[in-house]
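A short worksheet on the structure shown next.
Quick note: residue numbers are just sequence positions, from 1.
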Amino acid sequence: MTTVMVTGATGFIGQWLCAELTAAGHEVHALIRRPEQLELLRQECERRGGLRARLHGLVGDLDLPGLGAAELPEVELVYHLGARFAWGLGVAEARETNVGGSLRVADLAGRLGARLVLVGGFMSQNPTYLAELRVDPTDPTRTDWGRTYARVGAYEASKLESFFAAARRAADLGVEWLGVHPAGLCGHSRTGEIAAGQPFAELVDGIRTRRMAVVPGGPSHWLPLVTVDHLAALLAALAQHPWPPQQELVVLDPDTPDLASTVALVAEQLAVPVPRRRVPVGVLRALLGLPGAQRLTGSSPESLGFLRTERLDATAAADFAASAGVSLPSIRDAITRTAAALA
């Protein structure tokens, strides 16, 4: 069995990953900011089928040199999920945690001689999107990040910058690394459980409260989704199965419907009117810039950036999942179960 470290362990993905890893017999050291967080994390781990005795706390902070950890355990694998997430983040705080923290994690993996899994996001693997933003994935230092932050917001820009910077640092240090890029999170495939604040949860809430009166984009726009249990199981499988030769895995369900169909599934489950009118994404983004519009609609202009028409290649992740025995549940069933759980 493998001894691993997980940053972002208290987050939605992190809690499910800790449960999967400990249930499989791995020893997990979870980076937490305060010692008292460990007992709650152990309870959540146990609730999800994990083993609390295999889950250990490592007090530290992504914002501090050396992660602020007084003593580091000997680990063979580091999962980096930690990030500061919120719409409307300030540039300084987003860069300190998301970019600076990712570089510190890469440095740590280098010092420990550990492998590194960088959990990024599917937008970093969309070449059309990167070209629009003039992001150079081969050399992040050649990107005008100030322009990128101004265009897409601090959270999304810092996630892009952090992944490319950390991957470059890991390569320079000779660290064996793998990028895992999940789509938007749907709830658990059986229970529909999802964390508040997740973009899909906000979408469901907008439909439930009837604040979402229109569907952004055209017939080809979609919000790619993946269930949290499939993602966690795939990540956990990396601790005991040979890694794929590709350094980038896009994890999404290719059967995710287009946005209008997703909205209809949710609305029908909630027994509310299905929004039918469409509004171009650019027009809606401009409308959300008006005073009070975000409060009334429950949407943010930043969230609209994840609605795209491009379909990404998730073959490598699907092949790895199949080889590791990780099944892909029905995304349509998960959509309706998530809606029901949030009703």
Tabulate below the donor-acceptor pairs under 3.5 Å that side-chain atoms of residues 133-140 make, not counting sequence neighbours, or state none.
unit_1: Asp136; atom_1: OD1; unit_2: Thr138; atom_2: N; d: 3.0
unit_1: Asp136; atom_1: OD1; unit_2: Thr138; atom_2: OG1; d: 2.5
unit_1: Asp136; atom_1: OD1; unit_2: Asp139; atom_2: N; d: 3.4
unit_1: Asp136; atom_1: OD2; unit_2: Arg142; atom_2: NE; d: 2.9
unit_1: Asp136; atom_1: OD2; unit_2: Arg142; atom_2: NH2; d: 2.8
unit_1: Asp139; atom_1: OD1; unit_2: Thr141; atom_2: N; d: 3.1
unit_1: Asp139; atom_1: OD1; unit_2: Thr141; atom_2: OG1; d: 2.5
unit_1: Asp139; atom_1: OD1; unit_2: Arg168; atom_2: NH1; d: 3.1
unit_1: Asp139; atom_1: OD2; unit_2: Thr141; atom_2: OG1; d: 3.3

With Ser220 via side chain to side chain contact (heavy atoms under 4.5 Å, CB included) - residues at least two apart
Thr309
Are there more than 12 heavy atoms of other residues, nucleotides or ligands under 6.0 Å from atom CZ of Arg311?
yes
Look at the side-chain heavy atoms of Ile, Leu, Val, Met, Phe, Trp and Tyr, link any pair under 4.5 Å apart, and say whether Val214 and Val274 land in one connected group.
no
Partners of Arg54 by side chain to side chain contact (heavy atoms under 4.5 Å, CB included), sequence neighbours excluded?
Thr22, Glu27, Leu51
Any sub-3.5 Å donor-acceptor pair from Glu20's side-chain atoms to Ala232's backbone N or O?
no
Going by the rule ring-ring contact (aromatic ring centres under 6.0 Å, His included), which residues pair with Phe122 if we only count those two or more places apart in sequence or in a different chain?
none
Not counting sequence neighbours, list each pair that qualifies as a salt bridge (charged side-chain N to carboxylate O under 4.0 Å, His left out) and has a residue in residues 96-115.
Glu96-Arg104, Asp107-Arg169
Tell me, please, which residues at least two apart from Arg48 pass salt bridge (Lys or Arg N to Asp or Glu O under 4.0 Å).
Glu44, Glu193
Just jot down the ring-ring contact (aromatic ring centres under 6.0 Å, His included) partners of His181, sequence neighbours excluded, or say none.
Phe163
Return each pair, listed once, that meets salt bridge (charged side-chain N to carboxylate O under 4.0 Å, His left out) where at least one residue sits in residues 260-280; pairs must be two or more places apart or across chains.
none
Can you list the residues that meet the side chain to side chain contact (heavy atoms under 4.5 Å, CB included) rule with Ala165, with sequence neighbours excluded?
Leu103
Residues two or more places apart in sequence or in another chain: which of them pass side chain to side chain donor-acceptor pair (under 3.5 Å) with Asp253?
none
Can you sort out the partners of Ala316 under side chain to side chain contact (heavy atoms under 4.5 Å, CB included), two or more places apart, ordered by chain and number?
Gln246, Leu249
Listing, residues 63-75 side-chain donor-acceptor contacts under 3.5 Å, not counting sequence neighbours, or none:
unit_1: Asp63; atom_1: OD1; unit_2: Thr97; atom_2: OG1; d: 2.6
unit_1: Asp63; atom_1: OD2; unit_2: Arg84; atom_2: NH2; d: 3.2
unit_1: Asp63; atom_1: OD2; unit_2: Thr97; atom_2: OG1; d: 3.3

